[in-house]
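Taking it in order: structure first as structure tokens, then the write-up.
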Amino acid sequence: MKINWNYIKIFLLLGVVFFLFAFAEKRNSTRILSDVNLHFTNNENLYLTEEAVNKLLIQNEVRVKSIGKEALDLNRVETLLEAHEMVENAEVFLTVDGKLGAEITQRKPLARVLASAPFYLDRHGFKMPLSEYYSARVPLVTGVREDQLKEVYPLMDFITKDEFLTRHVTGLHRLPNGKYQIHLRQLDFVLMFGEVKDIELKFKNFKAFYQKALKDKKLDAYEKVDLQFGDQVVCTKK
């Protein structure tokens, strides 16, 4: 009987391939995580640091540098990161070279609320603590309690999304009657906004007034500008 060496070679080759595949799979599953790579998606200053994130993982006994890949619960790590008061979203993954990667989106403050314990109002309308690493340059809100954040949020959100208003508005103040004053950069008059309603109309009127007064060089002639009267802008001269 003639032996077909070609078939034997093929079977041996397949055996070697399966052995190498199984070996690689076993080695990969037991590989020790060597490092953590953090990427902050916000293109701005950091309200938390890599050191703070690593400290959070250590405190919760996620010893990334000494734990096998198969033993690491990625969902648990994401939950831990998203529980941090400065984190809005976290996506955790493993790289092929045995490293833990995390893309972190920070919370974004819209305003700083002056209270006995100051805090930020974030872009979703929730209370956000101040950061020990960076102080955001955002408008200052006064006269507002924590339970009134839902009231002031639409006004602050509109201002933040408007280039003209972002450039000029430095702060808001809530009066006891629920009406708001707006403080403006390099302008001497008080802008009376009133209650948080008809936001787009009021600011449209204000922009028209501003452009006209700027053209006529009369911006310094007023001590109060009131937006509470429909399509009218009522001004009080000095």
Side-chain angles (χ1 to χ4, degrees), residues 38-53 56 81-90 103-207 209-210 214 219 224-225 227-228:
L38 299 178
H39 172 66
F40 293 92
T41 60
N42 310 65
N43 295 319
E44 56 188 33
N45 291 283
L46 299 180
Y47 300 106
L48 74 162
T49 63
E50 291 189 20
E51 182 182 356
V53 173
L56 174 67
L81 292 176
E82 290 177 349
H84 193 284
E85 55 194 7
M86 294 297 175
V87 175
E88 181 176 302
N89 183 63
E103 288 195 354
I104 296 175
T105 301
Q106 300 177 106
R107 297 174 67 186
K108 183 177 180 179
L110 299 185
R112 178 170 179 153
V113 180
L114 187 62
S116 56
F119 58 89
Y120 290 126
L121 171 70
D122 79 358
R123 63 178 169 181
H124 296 296
F126 299 111
K127 179 181 178 182
M128 172 182 172
L130 303 184
S131 170
E132 61 179 297
Y133 304 107
Y134 179 75
S135 181
R137 296 184 62 183
V138 291
L140 182 67
V141 174
T142 57
V144 171
R145 301 190 307 269
E146 186 175 343
D147 61 354
Q148 295 168 335
L149 294 181
K150 288 185 178 180
E151 176 188 273
V152 70
Y153 170 69
L155 179 56
M156 200 62 247
D157 183 55
F158 190 94
I159 290 172
T160 304
K161 293 177 179 177
D162 186 283
E163 183 180 353
F164 173 86
L165 297 174
T166 299
R167 190 166 65 248
H168 288 284
V169 174
T170 60
L172 307 178
H173 177 67
R174 186 184 191 277
L175 300 172
N177 60 5
K179 297 183 178 182
Y180 284 82
Q181 294 177 337
I182 297 179
H183 302 289
L184 303 168
R185 182 175 286 108
Q186 296 179 345
L187 293 175
D188 197 30
F189 57 79
V190 174
L191 182 63
M192 291 297 303
F193 187 86
E195 296 179 355
V196 183
K197 61 182 182 181
D198 301 324
I199 298 174
E200 185 174 359
L201 174 62
K202 289 178 180 179
F203 280 130
K204 180 181 177 181
N205 293 338
F206 173 66
K207 289 179 183 179
F209 157 79
Y210 179 91
L214 180 65
L219 283 173
K224 184 171 74 171
V225 175
L227 307 177
Q228 300 179 81

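Throughout, numbering of the chain's residues begins at 1 and tracks the sequence.
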Might you point out which heavy atoms bring V138 and Y120 nearest each other, and give the distance in Å?
CG2-CE2, 4.2 Å
Can you check whether V152 reaches V113 side chain to side chain, under 4.5 Å on heavy atoms?
no
For the CG atom of N177 and the CD atom of E195, what is their distance to the nearest 0.5 Å?
8.0 Å
Please check if the side chain of D198 supplies one atom and the backbone of K202 the other of a donor-acceptor pair under 3.5 Å.
no
Can you give me the closest heavy-atom contact between M86 and P129, atom names plus distance?
CE-O, 3.1 Å
Applying side-chain hydrogen bond (donor to acceptor under 3.5 Å, both in side chains) to D162 and not counting sequence neighbours gives K207
Sequence neighbours excluded, every pair satisfying ring-ring contact (aromatic ring centres under 6.0 Å, His included) that has a member inside residues 160-194
F164-H168, F164-Y210, H168-Y210, F193-F203
Picking from R123, R107, K108, what satisfies salt bridge (Lys or Arg N to Asp or Glu O under 4.0 Å) with E88?
R123
For a quick test of reading the model, state the closest non-hydrogen atom pair linking F206 to L184 and the distance between them.
CZ-CD1, 3.7 Å
Could you tell me whether the side chain of F209 reaches within less than 4.5 Å of the side chain of L227, counting heavy atoms only?
no
Side-chain touch L130/R112, heavy atoms, less than 4.5 angstrom
yes
Hey, is CG on D188 packed in by over 12 heavy atoms from elsewhere, all under 6.0 Å?
no
Main-chain N/O of R145 paired to Q148 side chain as donor or acceptor, under 3.5 Å:
yes
Here the pair of heavy atoms bringing R185 nearest to T166 is NH1-O, 4.3 Å
Run the side-chain contact (heavy atoms from CB on, under 4.5 Å) test on Y153 and L110 for me, step by step, so that the C-alpha distance in whole Å, both residues' side-chain angles and the decisive distance to 0.1 Å come before the verdict.
CA-CA 9 Å; Y153 170 69; L110 299 185; 3.8 Å; yes
To check you understand the geometry: which heavy-atom pair defines the closest contact between A90 and L81, and what is its length?
CB-CB, 3.7 Å
Student check: side-chain heavy atoms of M156 and L121 closer than 4.5 Å:
yes
How far apart are the closest heavy atoms of Y47 and Q106, and which atoms are they?
N-OE1, 2.5 Å
Can you confirm whether R167 is buried at CZ, in the sense that more than 12 heavy atoms of other residues, nucleotides or ligands lie under 6.0 Å from that atom?
yes
Let's go through T41 and H39 carefully: what are the C-alpha distance in whole Å and the side-chain angles of both, what is the deciding distance for side-chain contact (heavy atoms from CB on, under 4.5 Å) to 0.1 Å, and is it a yes or a no?
CA-CA 6 Å; T41 60; H39 172 66; 4.1 Å; yes
